[in-house]
Asks: 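This is the structure, below, for whatever I ask next.
Below, chain A is the first sequence line, B the second, and so on; all start at residue 1.
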Protein chains: 2
Amino acid sequence: MENPKILLVDDEQDIIDLIRYNLEKADFEVHSASNGKEAIRIARKVQPDLILLDVMMPEMDGMETCIQIREQAELKNTLIAFLTARGEDYSQIAGFDAGADDYITKPIKPRVLVSRVNALLRRKASLTKPEKKKSAKGIMIDKDRYIVVKNGEELTLPKKEFELLSLLMSQPGRVFTRESILSSVWGNDVIVGDRTIDVHIRKLREKLGEHYFKTVKGVGYKFND
Amino acid sequence: MENPKILLVDDEQDIIDLIRYNLEKADFEVHSASNGKEAIRIARKVQPDLILLDVMMPEMDGMETCIQIREQAELKNTLIAFLTARGEDYSQIAGFDAGADDYITKPIKPRVLVSRVNALLRRKASLTKPEKKKSAKGIMIDKDRYIVVKNGEELTLPKKEFELLSLLMSQPGRVFTRESILSSVWGNDVIVGDRTIDVHIRKLREKLGEHYFKTVKGVGYKFND
DNA sequence: CATCAAGTTAAGTGAAAGTTAACATTTCCG
DNA sequence: CGGAAATGTTAACTTTCACTTAACTTGATG
């Protein structure tokens with residue numbers, strides 16, 4: 001895996017600088033936000049492995065932010081750790097209620113921070129559960145085995161086709177815009193031509209059947225259910 | 001069993017001498033290291049039953065060393081106990097997070113140390129169960145005897161090949177990414193070239209048969225079931 | 001019926017995997 | 001101890017095939 005991504009949320013720039021420095025030294029990819037709203041936006045974009053969240057923040061506090069993050073399906077594998085001043089033990093309890101995975105007390109000791117973060121990420125890795133299988137209308141998709149089963153017949157799709165199908169089947173019936181398809185399957189920074197998606201859709205239609213994939217002109221595609 | 005092996009890691013020679021004297025008197029085979037890197041090297045070599053690890057060390061501290069040791073598959077049966085100054089209670093928490101099995105507070109009292117070590121080793125002995133045998137499609141793998149049986153024919157595979165096969169067979173059909181293969185078979189800190197996994201896969205294919213190992217381009221490998 | 005999004009096709013490209021031999025390292029034995 | 005054998009890793013080269021593109025066609029829609 002490339003370096004683990006950490007999103008750091010705190011309204012004090014000093015703290016951000018301190019923590020960022022130490023985490024970057026330990027080879028993490030660090031992103032930061034100074035309030036809850038920004039945090040959620042960035043979290044959705046970069047899909048961090050771990051979010052370090054200050055409890056005390058103006059406007060939307062850490063607790064509220066945590067709850068909102070936990071409501072994002074796409075972030076359910078993200079760990080959340082609270083940064084709390086020692087003695088605010090109420091925060092800790094309420095924090096776990098809000099869906100936090102750990103808390104780290106201030107003042108931050110760099111060494112402790114880094115080993116704590118490492119321990120958390122290790123825990124996350126070992127928790128990697130088998131992926132759930134998605135199925136609809138005679139098609140089942142198994143991410144662990146990287147295969148698609150159509151009426152009992154096993155197919156092995158190439159990576160991009162598999163990911164595209166996964167995406168569309170993640171919410172059958174829902175239309176995914178070309179834009180959102182590009183950003184989930186190809187990534188935000190990759191630039192590919194207009195016809196690339198079409199070609200992949202075509203391959204899926206060839207392999208699985210025309211009718212599963214509905215074109216919504218001017219918008220995108222959806223998996224028919 | 002011959003005398004239990006203990007690896008002692010501390011940067012202060014005095015402490016090493018003291019502990020070594022007492023442990024040797026109690027009939028243990030004692031090895032020592034004065035820093036984390038050396039510790040890992042020796043641990044891999046002598047496969048100690050127990051590692052006594054000082055928390056406070058220059059360069060790589062005990063916590064970090066512990067984490068790295070825990071990442072070595074071959075050392076997963078090794079016990080790790082921290083040596084910590086009384087009152088550093090943060091260390092204890094973080095230490096268990098890092099994968100420690102016990103901690104012993106300084107200053108060291110020889111009698112306490114020896115009985116603590118004995119207790120730990122007793123615990124270990126009772127925990128070491130015979131490994132389970134895995135089998136699938138005419139191949140059975142016996143971790144205790146370190147052999148692979150293919151249609152009744154016994155093969156002895158070299159370590160890396162054996163571990164790679166073990167991993168893939170631990171969940172037949174499931175795709176393991178190159179990343180996860182590297183981290184379980186080689187360890188997270190070892191850097192080996194891109195083609196190393198391929199070569200080992202090739203050897204397995206040669207010895208066991210092409211069809212058992214399926215390449216999933218851009219993703220990884222799986223054991224075919 | 002003009003326009004433009006989407007479909008189709010085949011070919012080109014490049015990244016990932018395969019292969020091989022050589023080199024390095026460790027282990028094994030006489 | 002010293003040389004041989006086994007193992008692990010790398011480097012260099014080849015092969016493969018997934019992906020993208022370009023160029024063209026189709027067809028929906030206002």
Asks: Name the pairs: protein N/O against N/O of nucleotides 7-15 of chain D, kept only if under 3.5 Å.
Replies:
| unit_1 | atom_1 | unit_2 | atom_2 | d |
| --- | --- | --- | --- | --- |
| D/dG8 | OP1 | B/Lys159 | N | 3.3 |
| D/dG8 | OP1 | B/Lys160 | N | 3.0 |
| D/dT9 | OP1 | B/Trp186 | NE1 | 3.3 |
| D/dT9 | OP2 | B/Trp186 | NE1 | 3.0 |
| D/dT10 | OP2 | B/Gly193 | N | 2.5 |
| D/dT10 | OP2 | B/Thr196 | OG1 | 3.1 |

Asks: Can you confirm whether A/Lys160 sits close enough to A/Thr196 that some side-chain heavy atom of one is under 4.5 Å from a side-chain heavy atom of the other?
Replies: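 Side chain of A/Lys160 against side chain of A/Thr196, heavy atoms only: no contact under 4.5 Å found.
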Asks: Report the C-alpha distance between B/Ser180 and B/Thr177 in whole Å, list the side-chain angles of each, state the deciding distance to 0.1 Å, and finish with yes or no for side-chain hydrogen bond (donor to acceptor under 3.5 Å, both in side chains).
Replies: CA-CA 5 Å; B/Ser180 71; B/Thr177 63; 3.3 Å; yes
Asks: Might you work through the side-chain contact (heavy atoms from CB on, under 4.5 Å) test for A/Leu165 and A/Phe213, ending with a clear yes or no?
Replies: CA-CA 10 Å; A/Leu165 178 65; A/Phe213 305 92; 3.8 Å; yes
Asks: Roughly, in whole Å, what's the span from NZ in B/Lys214 to C1' in D/dT16?
Replies: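 Between C1' of D/dT16 and NZ of B/Lys214: 13 Å.
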Asks: How about A/Tyr221 and A/Phe176: are their ring centres within less than 6.0 Å of each other?
Replies: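 No, they do not, as the ring centres are separated by 6.0 Å or more.
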Asks: How about B/Tyr21: does its OH atom have over 12 heavy atoms from other parts shown lying under 6.0 Å from it?
Replies: no
Asks: What is the distance, rounded to the nearest whole Å, between atom CG of B/Leu155 and atom P of D/dA6?
Replies: 15 Å
Asks: Rounding to a whole Å, what distance do you find between B/Lys222:NZ and C/dA17:P?
Replies: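 Between P of C/dA17 and NZ of B/Lys222: 15 Å.
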Asks: Atom CG of B/Leu204 and atom P of C/dG18: how far apart are they, to the nearest Å?
Replies: 12 Å
Asks: With the side chain of B/Arg202 defined as its heavy atoms from C-beta on, choose the nearest nucleotide among C/dT19, C/dA15, C/dA6.
Replies: C/dT19
Asks: Measure CD/A/Glu206 against C1'/C/dA10 and give the value in whole Å, please.
Replies: 13 Å
Asks: If you compare every side-chain N and O of B/Arg205 against the phosphate oxygens of C/dG18 (OP1, OP2), does one of them come in below 4.0 Å?
Replies: yes
Asks: Less than 4.0 angstrom between a side-chain N/O of A/Thr215 and OP1 or OP2 of C/dA5, yes or no?
Replies: no
Asks: Apply side-chain contact (heavy atoms from CB on, under 4.5 Å) to the pair B/Ile6 and B/Leu52, showing each step before the final yes or no.
Replies: CA-CA 7 Å; B/Ile6 297 180; B/Leu52 293 174; 4.1 Å; yes
Asks: Any side-chain N or O of A/Tyr221 under 4.0 Å from OP1/OP2 of C/dA5?
Replies: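 For C/dA5, neither OP1 nor OP2 has a side-chain N or O of A/Tyr221 closer than 4.0 Å.
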